[in-house]
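Contents: one structure, followed by commentary.
Both counts, for ligands and for their atoms, begin at 1 and track the order of listing. Counting from 1, the numbers follow the sequence of the chain as shown.
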Amino acid sequence: MKVVILDERCVGHGMCRLACPEMFELSDEDGHAYVTSETVPPDLEAAVDQAVRGCPEQAIVVEA
Ligand code: SF4
């Protein structure tokens, strides 16, 4: 499973980081989220799915 953030949609709520702090960080520069790795470890897939559902901007995209 892979995950990317659509930077043009992200406004920096930080909900993703709350859902899965291992995979999402917020930039010190613009406050937007970025992923710590594009490849999601199997044990974090559920938390990343939760982040996808919780993002108010639909800015997180996953691929199988
Ligand atoms: S929840 Fe969505 S909009 Fe908010 S910081 Fe994360 S990716 Fe960006």
Side-chain angles (χ1 to χ4, degrees):
M1 181 179 182
K2 302 230 179 229
V3 60
V4 295
I5 292 177
L6 306 178
D7 189 61
E8 67 277 15
R9 287 196 181 185
C10 177
V11 297
H13 305 287
M15 306 286 284
C16 51
R17 182 162 162 68
L18 288 177
C20 187
E22 298 90 343
M23 292 297 302
F24 299 98
E25 295 277 0
L26 295 179
S27 165
D28 288 336
E29 291 184 6
D30 61 11
H32 290 187
Y34 62 93
V35 291
T36 57
S37 164
E38 283 197 358
T39 302
V40 181
D43 62 326
L44 293 178
E45 287 185 358
V48 169
D49 279 337
Q50 190 180 338
V52 170
R53 289 193 300 273
C55 175
E57 311 300 328
Q58 287 90 49
I60 308 171
V61 177
V62 293
E63 299 171 0

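Put simply, NE2 on His32 and CG on Leu6 are 12.0 Å apart, with the number rounded to the nearest 0.5 Å. Annotation: the span from Arg53 atom CZ to Cys16 atom SG amounts to 14.0 Å, rounded to 0.5 Å. The line from CD of Glu45 to CE of Met23 is 9.5 Å long, rounded to the nearest 0.5 Å. Residue Glu38 holds its CD atom at 6.5 Å from NZ of Lys2, rounded to the nearest 0.5 Å.
Near Val11, the atoms of ligand 1 lying under 4.0 angstrom from a non-hydrogen atom of the residue are 3 (S). Residue Glu57 has at least one heavy-atom neighbour below 4.0 Å for each of these atoms of ligand 1: 3 (S). For ligand 1, the atoms closer than 4.0 angstrom to any heavy atom of His13 are 3 (S), 4 (Fe), 5 (S). Within ligand 1, the atoms closer than 4.0 Å to a non-hydrogen atom of Met15 are 1 (S), numbered from 1 in the order shown.
Counting only heavy atoms from C-beta outward, the side chains of Val48 and Val62 approach each other to under 4.5 Å. By the 4.5 Å heavy-atom criterion applied to side chains, Cys20 and Gln50 are not counted as neighbours.
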Using the side-chain contact (heavy atoms from CB on, under 4.5 Å) rule, take Phe24 and Val35 through it: C-alpha gap first, then chi angles, then the decisive distance, then the call.
-> CA-CA 5 Å; Phe24 299 98; Val35 291; 3.8 Å; yes

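Looking at atom 5 (S) of ligand 1, its nearest protein heavy atom turns out to be Gly14 N, 3.2 Å. Protein heavy atom in closest approach to atom 1 (S) of ligand 1: Cys16 N, 3.5 Å. Nearest protein heavy-atom neighbour of atom 7 (S) of ligand 1: Ile60 CG1, 3.7 Å. The nearest protein atom to atom 2 (Fe) of ligand 1, hydrogens excluded, is given as Cys55 SG, 2.3 Å; this is a heavy-atom distance.
Among the backbone and side-chain atoms of Cys10, an N/O/S atom is found under 2.8 Å from atom 8 (Fe) of ligand 1.
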